[in-house]
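Just below is one structure, and these are the notes that go with it.
Quick note: numbers below take in every heavy atom, side chains included, and nothing from hydrogens, waters or symmetry partners. Since we're looking at a predicted model, the values are computed, not measured.
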Amino acid sequence: MYLNIKNHILSKTILITAIIKIIAALCEGGLRLLLKKNSSLSPDMLDALLWYLQITISCIQIAATALVFYLSWNKLKHYLTLFDKEERNRIGDLQKEYLGDNIASLSVSSVNRLLQLWAVIFVGAELIYVFTSLMYRRFIGMLMDALSLGQGMTDGTFVMLYNMTHGFKYLEILSAILLGVVMTGIFLNDRFLKLASLAILAVFLVSFAALQMQTVYLMGREIGIVWTSIIYHVTETVGLFFLALYLSKKYKGL
């Protein structure tokens, strides 16, 4: 069985999730500018107040995303429960025969599978990301303690280690998002989605292995730019936003 070609459940859900992530990123960025006005060697994540506010924003983001997927899944489940499995297959055959090119790009069962896959990525993988961020903060805290005690570590060594290890914080969640894009591309037989995922992963790995932290000055404050962080945050916000638009424009009933 296929949905109406104007019924874009999956792409709309990804779009709303991307908007939630963009709002969360703007809130975190605004808090950093407000609460950390002075230049400091200490990373923002070691500021206790800022850290707890970021964790709160992340929890709200995960809860909002889970609610969006739950509502979308309920809506899709409603269509699935209208008919039993055999009837859905017969209706799907009739739709293929009579609708021709005006049929949805994927069956309602395939949309349901992709919706569950993205739900696991946006909720389950995000929870793991919060945990790994917590452990990474503890690791950076120990590096800072070693630096303050003068145990053979210079400021330059700390910056180098911070930049080199920062990519590990994002590797899991970025891989999960790209896996979702690849699986969507496999379902749709879309070569562009597969190649785009490969290109983003390649850029991330190159920046992880080769690019050094860059320093910029914004509003009188010195800010260290970690390129793996930039690539991840752009992918999870702007990238997902354009992914949703791409799916809704190119494919019917998705």
Side-chain angles (χ1 to χ4, degrees), residues 2-3 5-22 24-25 61 65 68-69 72 76 96 101-126 128-129 132 163-214 225-254:
Y2 295 83
L3 296 174
I5 58 174
K6 296 181 180 180
N7 202 340
H8 296 276
I9 293 180
L10 178 64
S11 57
K12 185 178 180 180
T13 304
I14 295 176
L15 180 64
I16 295 174
T17 301
I19 292 173
I20 291 173
K21 286 178 173 291
I22 290 172
Q61 172 191 314
T65 301
V68 169
F69 271 90
S72 298
L76 194 61
K96 288 179 182 179
D101 293 336
N102 290 321
I103 198 171
S105 300
L106 291 176
S107 68
V108 66
S109 297
S110 294
V111 173
N112 183 41
R113 294 188 186 98
L114 284 176
L115 191 67
Q116 292 181 58
L117 172 66
W118 280 108
V120 170
I121 291 171
F122 286 136
V123 179
E126 282 284 354
I128 297 175
Y129 169 68
T132 55
N163 180 69
M164 288 177 61
T165 59
H166 211 68
F168 289 110
K169 176 182 174 183
Y170 301 110
L171 187 58
E172 170 268 331
I173 183 64
L174 181 67
S175 299
I177 291 174
L178 295 181
L179 175 62
V181 176
V182 169
M183 291 303 298
T184 303
I186 290 173
F187 270 79
L188 295 168
N189 195 26
D190 190 315
R191 186 181 179 187
F192 171 74
L193 292 180
K194 302 172 189 176
L195 292 178
S197 301
L198 181 61
I200 293 172
L201 179 60
V203 171
F204 179 85
L205 293 178
V206 169
S207 66
F208 194 174
L211 297 184
Q212 300 298 316
M213 182 186 295
Q214 304 295 318
I225 300 297
V226 181
W227 291 108
T228 51
S229 176
I230 296 296
I231 293 169
Y232 163 69
H233 286 298
V234 170
T235 300
E236 73 152 354
T237 53
V238 179
L240 288 176
F241 183 84
F242 282 107
L243 170 65
L245 292 181
Y246 174 80
L247 293 177
S248 63
K249 296 297 182 182
K250 184 170 182 178
Y251 296 101
K252 302 172 183 177
L254 196 62

With ring centroids as reference points, do Tyr251 and Phe187 lie under 6.0 angstrom apart? no
Is it the case that more than 12 heavy atoms not belonging to Lys12 sit under 6.0 Å from its NZ atom? no
Reported [atom1]-to-[atom2] distance for the pair [X] and [Y], which is rounded to 0.5 angstrom:
{"X": "Glu236", "Y": "Ile121", "atom1": "CD", "atom2": "CD1", "result": "13.0 Å"}
{"X": "Phe69", "Y": "Leu10", "atom1": "CZ", "atom2": "CG", "result": "7.5 Å"}
{"X": "Thr184", "Y": "Leu117", "atom1": "OG1", "atom2": "CG", "result": "6.5 Å"}
{"X": "Glu126", "Y": "Ile177", "atom1": "CD", "atom2": "CD1", "result": "6.5 Å"}
{"X": "Ile14", "Y": "Ile9", "atom1": "CD1", "atom2": "CD1", "result": "12.5 Å"}

Within a strict 4.5 Å, meaning less than it, do heavy atoms of the [X] and [Y] side chains meet?
{"X": "Ile231", "Y": "Tyr170", "answer": "no"}
{"X": "Gln61", "Y": "Thr17", "answer": "no"}
{"X": "Leu240", "Y": "Lys21", "answer": "yes"}

Please step through side-chain contact (heavy atoms from CB on, under 4.5 Å) for the pair Val120 and Gln116, ending with a clear verdict. CA-CA 6 Å; Val120 170; Gln116 292 181 58; 5.7 Å; no
Heavy-atom closest pair, residues [X] and [Y]:
{"X": "Ser207", "Y": "Thr228", "answer": "OG-CG2, 3.6 Å"}
{"X": "Leu247", "Y": "Ser11", "answer": "CB-CB, 3.9 Å"}
{"X": "Ala25", "Y": "Thr237", "answer": "CB-CG2, 4.4 Å"}
{"X": "Leu76", "Y": "Asn112", "answer": "CD2-CA, 3.3 Å"}

Tyr246 vs Phe192 aromatic rings, parallel, tilted or perpendicular, using cut-offs 30° and 60°? tilted
Step by step, work out the side-chain contact (heavy atoms from CB on, under 4.5 Å) result for Ile128 and Glu172. CA-CA 8 Å; Ile128 297 175; Glu172 170 268 331; 3.8 Å; yes
Verdict with supporting geometry, Asp190 and Lys250, side-chain contact (heavy atoms from CB on, under 4.5 Å): CA-CA 10 Å; Asp190 190 315; Lys250 184 170 182 178; 3.7 Å; yes
With a cut-off of 3.5 Å and sequence neighbours excluded, list every side-chain donor-acceptor pair involving residues 196-205.
unit_1: Ser197; atom_1: OG; unit_2: Leu193; atom_2: O; d: 2.9

I would like to know whether Ser72 and Leu115 meet side-chain contact (heavy atoms from CB on, under 4.5 Å); could you show each step before the answer? CA-CA 8 Å; Ser72 298; Leu115 191 67; 4.2 Å; yes
